[in-house]
Amino acid sequence: MNPLRHKFLPVSFAISVIGLCFSVYQILSMLFFEQTCTDSCSIFANFTIMGVSLWWFSAFFFMLILILSLFGFAYLIRLLTAIALTVDICLLFVMLNTSLCVLCICAGILVACSYYAVRYENRRPLEPYPKTVLLNLWSILFVLLLGSSINANQQGISFAKVENPSTNIFFSPSCPACKKILMAEAENKNIAWFPVEENENDIWRIMFMQERINAGDTVYQALVKAEEKKPEEKIELMDMLRWKYFVVQYKVWKNTAIVRRRTSVVPYIEVFGVPKEYDKPIKLEQSAVIRSDAQVVNSLLGKENELCGDANKPCEE
């Protein structure tokens, strides 16, 4: 029998205290200051489970590890930290293909340390250090994430595939200026539309719009029908387990990461791969918007909305 099995685990306890304080600080920052560390962090700010922020789950996790460490329940801690590290591996994979979130990385490091610490404190007497495949996989993804350079020409994921589009428009379903552009260019086949997320209800509208576009609607028609449909108040756990939900959320994260790396407003318009200055109208010979509705689009430039990070900062009319 391992002599450390029912003894106080000081290293695990110390790490859980740090993790709990870190999580509580982030919760208080969101509640009272409505701030995130960087623009990249705000990409994932709207992601919740059943309407609850991931930082609440993080605080509960570290508090549970803290209590279990006091009583030396090493095997139960090993199970919980293994599950948490598996979830963080999935998050690292998402960030590897979108954008690095500093806060998530810090939390992930604490989870990995907690996972390793309990195995070190509870290892067999003859083992110099614990061996684990999970930690090796996490370390590989972590190194790849830190060592990867952001590709400035990275492409987003549009609603429908458009062959050689000359204009890319990144828009949010919550943005009034975006809706006007969608209405003006509803029949334009040379524009690729890339959805981004401003608040937690956008993901439901985007999912519904994707269904309507697959059914044959234009992007504008899909948006109008999405507005008529009452958005869900929160994300149910069973919905999150659906592969369809993950695919749409991943696409939106990727598009939002691209926009935040290049600007802070929506709609974000690229003509022939070059961002357009919003204080200058798009010249007709440069734009795919070559119909009479071009004046409508040009009149909207300069009236963009700040790309919000959460529901506390709604899109202004």
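- Nearest heavy atom pair, residue F208 against residue A226, reads CD2-CA, 3.5 Å.
- Using modelled atom types, one finds no donor on one side chain facing an acceptor on the other under 3.5 Å when comparing E197 with S172.
- With sequence neighbours excluded, no residue forms a side chain to side chain donor-acceptor pair (under 3.5 Å) with K251.
- Separating the CZ atom in R119 from the CD1 atom in I77 is a distance of 10.5 Å, to the nearest 0.5 Å.
- Checked by atom type and distance alone, the side chain of T167 never pairs as donor or acceptor with a backbone atom of I191 at under 3.5 Å.
- For the pair F171 and K179, the minimum side-chain heavy-atom distance is 4.5 Å or more.
- Looking at every heavy atom in both residues, R205 comes nearest to S174 through NH1-OG, 3.6 Å.
- Across all non-hydrogen atoms, the minimal contact from Q26 to L103 is OE1-CD1, 3.4 Å.
- The six-membered or imidazole ring of Y250 lies away from that of W253, with a centre-to-centre distance of 6.0 Å or more.
- Note on V133 and L135: separate hydrophobic clusters, where clusters join Ile, Leu, Val, Met, Phe, Trp and Tyr whose side-chain heavy atoms are under 4.5 Å apart, directly or indirectly.
- Residues I181 and W193 are in side-chain contact: their nearest non-hydrogen atoms beyond the backbone lie under 4.5 Å apart.
- With hydrophobic clusters built from ILVMFWY side chains whose heavy atoms lie under 4.5 angstrom apart, V102 shares a cluster with L28.
- Residues M95 and V87 do not share a hydrophobic cluster, defined by chaining ILVMFWY side chains whose heavy atoms lie under 4.5 Å apart.
- Checked against side-chain contact (heavy atoms from CB on, under 4.5 Å), L134 has the following partners two or more places apart in sequence or in another chain: A82, L85, T86, I89, Y115, T132.
- When the side chains of ILVMFWY residues are joined at heavy-atom separations under 4.5 Å, either directly or via intervening members, Y25 and I18 end up in two distinct hydrophobic clusters.
- The six-membered or imidazole ring of F13 lies near that of F8, with a centre-to-centre distance under 6.0 Å.
- Between N255 and I157, the shortest heavy-atom contact is OD1-N, 2.7 Å.
- Put simply, the side chain of N168 never gets that close to the backbone of E270: no donor and acceptor are under 3.5 Å apart.
- Between I105 and L145 the shortest side-chain heavy-atom distance falls below 4.5 Å.
- Taking each heavy atom of I206 and P173 in turn, the nearest pair found is CG1-CG, 3.7 Å.
- I140 and F93 fall into different hydrophobic clusters, defined by Ile, Leu, Val, Met, Phe, Trp and Tyr side-chain heavy atoms under 4.5 Å apart, directly or through other members.
- In this structure, the side chain of E121 engages the main chain of V11 through a donor-acceptor pair within 3.5 Å.
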Please tabulate, for the side chains in residues 56-73, all donor-acceptor contacts under 3.5 angstrom to protein atoms that are two or more places apart in sequence or on a different chain.
unit_1: S58; atom_1: OG; unit_2: S23; atom_2: OG; d: 2.6
unit_1: S69; atom_1: OG; unit_2: I65; atom_2: O; d: 2.7

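- Under the salt bridge (Lys or Arg N to Asp or Glu O under 4.0 Å) criterion, R212 pairs with D217, not counting sequence neighbours.
- For F22, the ring pair (Phe, Tyr, Trp, His ring centres under 6.0 Å) partners are W55, not counting sequence neighbours.
- In this structure D88 satisfies the side chain to side chain donor-acceptor pair (under 3.5 Å) test together with W138, sequence neighbours excluded.
- For the atom pair M207 CE and K244 NZ, the distance stands at 5.0 Å (nearest 0.5 Å).
- Rounded to the nearest 0.5 Å, atoms CD1 (I27) and CG (L54) are 10.5 Å apart.
- In this structure, the side chains of L92 and L96 stay at 4.5 Å or more apart for every pair of heavy atoms.
- A distance of 14.0 Å separates NZ of K254 from CD of Q249, quoted to the nearest 0.5 Å.
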>> Could you walk me through whether L223 and T218 satisfy the side-chain contact (heavy atoms from CB on, under 4.5 Å) test, starting with their C-alpha distance in whole Å, then the side-chain angles of each, then the deciding distance to 0.1 Å, before giving a yes or no?
In response: CA-CA 9 Å; L223 175 61; T218 64; over 6 Å; no
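- A donor-acceptor pair under 3.5 Å is formed between the side chain of T81 and the backbone N or O of R78.
- Closest heavy-atom contact between C113 and I15: O-CD1, 3.6 Å.
- With a 4.5 Å cut-off on side-chain heavy atoms, Y75 and V118 do not count as touching.
- Residues F194 and V259 fail the side-chain proximity criterion, which asks for heavy atoms closer than 4.5 Å.
- Ring geometry for Y268 versus F170: interplanar angle of 30 to 60°, hence tilted.
- For the pair C175 and E198, the minimum side-chain heavy-atom distance is below 4.5 Å.
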